[in-house]
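Shown next, in structure tokens, is the structure this report addresses.
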Number of protein chains: 2
Amino acid sequence: MPAKKYHHGDLENALIQAGVDILFQEGIEGLSLRKVAKRVGVSYAAPYAHFKDRQSLIAAISTEGFKQLYTTLDAAAAAHAGDPKQQLVEAAWAYIQFAMQNTAIFKIMFSGVLEKEKDYPAFVEISHKTFERVVEIVRACQDAGVLRSAPPELMTVSVWGQLHGVISLALEGQISHTVLDRFTIREIVSFGIEQMSLSKT
Amino acid sequence: MPAKKYHHGDLENALIQAGVDILFQEGIEGLSLRKVAKRVGVSYAAPYAHFKDRQSLIAAISTEGFKQLYTTLDAAAAAHAGDPKQQLVEAAWAYIQFAMQNTAIFKIMFSGVLEKEKDYPAFVEISHKTFERVVEIVRACQDAGVLRSAPPELMTVSVWGQLHGVISLALEGQISHTVLDRFTIREIVSFGIEQMSLSKT
DNA sequence: TCTAAAATCTTGACACTGTCAAGATTATCC
DNA sequence: GGATAATCTTGACAGTGTCAAGATTTTAGA
């Protein structure tokens with residue numbers, strides 16, 4: 001068991017993980033550089049050896065979130081290879097669940113807490129990769145006649161945009177109780193996908 | 001011309017307006033109670049006579065944003081009375097434009113900066129009213145056979161969710177350039193609405 | 001292996017923030 | 001007019017992000 005060393009060893013990842021933990025426990029408000037540092041047991045300025053500033057830490061946490069989201073989506077799709085429509089539905093549901101179970105991280109990923117995404121190549125790469133993965137699923141649906149023919153990226157923005165919009169509004173409490181009292185999120189999402197589908201299952 | 005009085009006269013609204021101005025000029029980062037107070041020419045603790053805390057000011061600004069959004073949507077719909085589909089398209093476009101022209105306020109309204117919406121009755125009221133206005137437009141579309149028959153609120157969440165999702169992703173830079181290089185936001189939105197429409201125009 | 005450079009971490013400092021308490025000033029109402 | 005309430009100011013405190021200077025450790029080159 002190593003005693004406290006001057007050098008942490010893997011402070012960068014430790015800080016990211018501590019940030020994730022804080023997000024889970026206290027939400028976005030509780031996330032500060034100093035608190036993250038304290039939680040890891042390191043002085044308040046130590047993070048600056050690894051992150052340029054606060055935004056940079058947030059970018060790293062977001063990147064981590066996207067990695068997890070990508071893995072989840074990919075797994076959901078892979079579990080239903082050969083059935084494009086089911087792939088779409090389950091990937092969509094995985095997206096929703098990720099958002100509901102990791103609300104604080106989801107918001108950081110998508111709700112403008114991160115200001116200049118372009119400055120963070122790793123973030124851009126994984127978020128693009130995630131989008132492309134969804135495009136694949138959508139393209140398969142189009143090939144199978146589940147979704148109508150159109151530029152796949154455009155169709156993806158349309159289908160995924162709806163999904164994203166519904167869950168975003170739900171997380172913000174912006175969906176009327178006249179709806180939430182009568183329909184579950186899953187039903188709302190299913191309805192949305194059926195809306196856009198050609199073949200009914 | 002009144003010289004500086006000890007009592008401002010209408011500090012509450014002045015603070016809200018100053019907050020809006022700061023949002024336009026500096027974005028969300030620049031919004032602080034002390035800066036708002038300074039801009040109005042009042043001491044840093046003066047706002048506490050009108051707003052319980054920072055969240056309360058943000059709630060007031062969001063409420064103001066919703067009032068404006070409602071007016072805009074209502075005007076767009078009223079301009080096309082008798083043509084439900086056009087009402088939907090133009091209201092949607094008004095929504096998009098509001099988001100693009102008032103990005104910072106839009107984000108505050110919808111992106112979780114405000115934590116406990118329920119604590120602010122005025123906010124809840126106007127946001128519900130706005131939702132209901134959209135439901136009316138959607139219902140008219142259903143009656144006219146433009147949108148399929150379904151519970152209007154559910155259909156509204158679906159249609160409006162898509163709109164909201166697309167513009168949210170766009171504002172966050174999450175829409176791939178392979179899409180944005182080929183399609184305008186208006187085209188994307190139109191595509192989305194056509195997706196859900198029964199009758200093609 | 002020894003040493004110079006680089007990486008990492010600590011402490012000190014500064015400006016800024018939200019918030020409260022105590023008191024000053026002004027408006028309101030009986 | 002005088003009491004009460006509303007409004008505003010100043011002082012204070014704990015947190016915050018960030019930088020600079022220096023301490024410590026690792027790494028790399030000879």
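Remember, it's a predicted structure, so these values are computed and weren't measured experimentally. Computed from heavy atoms alone, side chains included, the values below leave out hydrogens, waters and symmetry copies.
Rounded to whole angstrom, the span from the NE2 atom of A:H50 across to the C1' atom of C:dC9 amounts to 8 Å. Rounded to whole Å, the distance from NZ on B:K38 to C1' on C:dC16 is 10 Å. In this structure, B:F51 atom CZ and D:dC8 atom C1' are separated by 15 Å, rounded to whole Å. Per the geometry, CD belonging to B:E12 stands 15 Å off C1' belonging to D:dC8, to the nearest Å.
Within 6.0 Å of CD on B:E187 lie more than 12 heavy atoms contributed by other residues, nucleotides or ligands.
In terms of heavy atoms, B:L163 sits closest to B:V189 at CD1-CG1, 3.5 Å.
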Enumerate the protein-to-nucleotides 17-21 of chain C contacts in which both atoms are nitrogen or oxygen and the separation is below 3.5 Å.
from	atom 1	to	atom 2	distance (Å)
C:dT17	OP1	B:S32	OG	3.1
C:dG18	OP1	B:L33	N	2.9
C:dG18	OP1	B:R54	NE	3.2
C:dG18	OP2	B:L33	N	3.1
C:dG18	OP2	B:R34	N	3.2
C:dG18	N7	B:R34	NH1	2.5
C:dG18	O6	B:R34	NH1	2.8
C:dT19	OP2	B:Y48	OH	3.2
C:dT19	OP2	B:R54	N	2.7
C:dT19	O5'	B:Y48	OH	3.4
C:dT19	O4	B:R34	NH1	3.2

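Taking the six-membered ring for Trp and thresholds of 30 and 60 degrees, B:F106 and B:H164 have ring planes inclined between 30 and 60 degrees apart.
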Checklist entry - Taking it one step at a time, do B:Q17 and B:D21 satisfy side chain to side chain donor-acceptor pair (under 3.5 Å)? => result CA-CA 6 Å; B:Q17 191 52 51; B:D21 292 347; 3.1 Å; yes
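B:R182 is linked by a salt bridge (charged side-chain N to carboxylate O under 4.0 Å, His left out) to A:E153, counting only residues two or more places apart in sequence or in another chain.
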Please tabulate, for side-chain N and O atoms in residues 40-53 of chain A, each donor-acceptor pair with protein atoms closer than 3.5 Å (sequence neighbours left out).
from	atom 1	to	atom 2	distance (Å)
A:D53	OD1	A:Q55	N	3.4
A:D53	OD1	A:S56	N	3.1

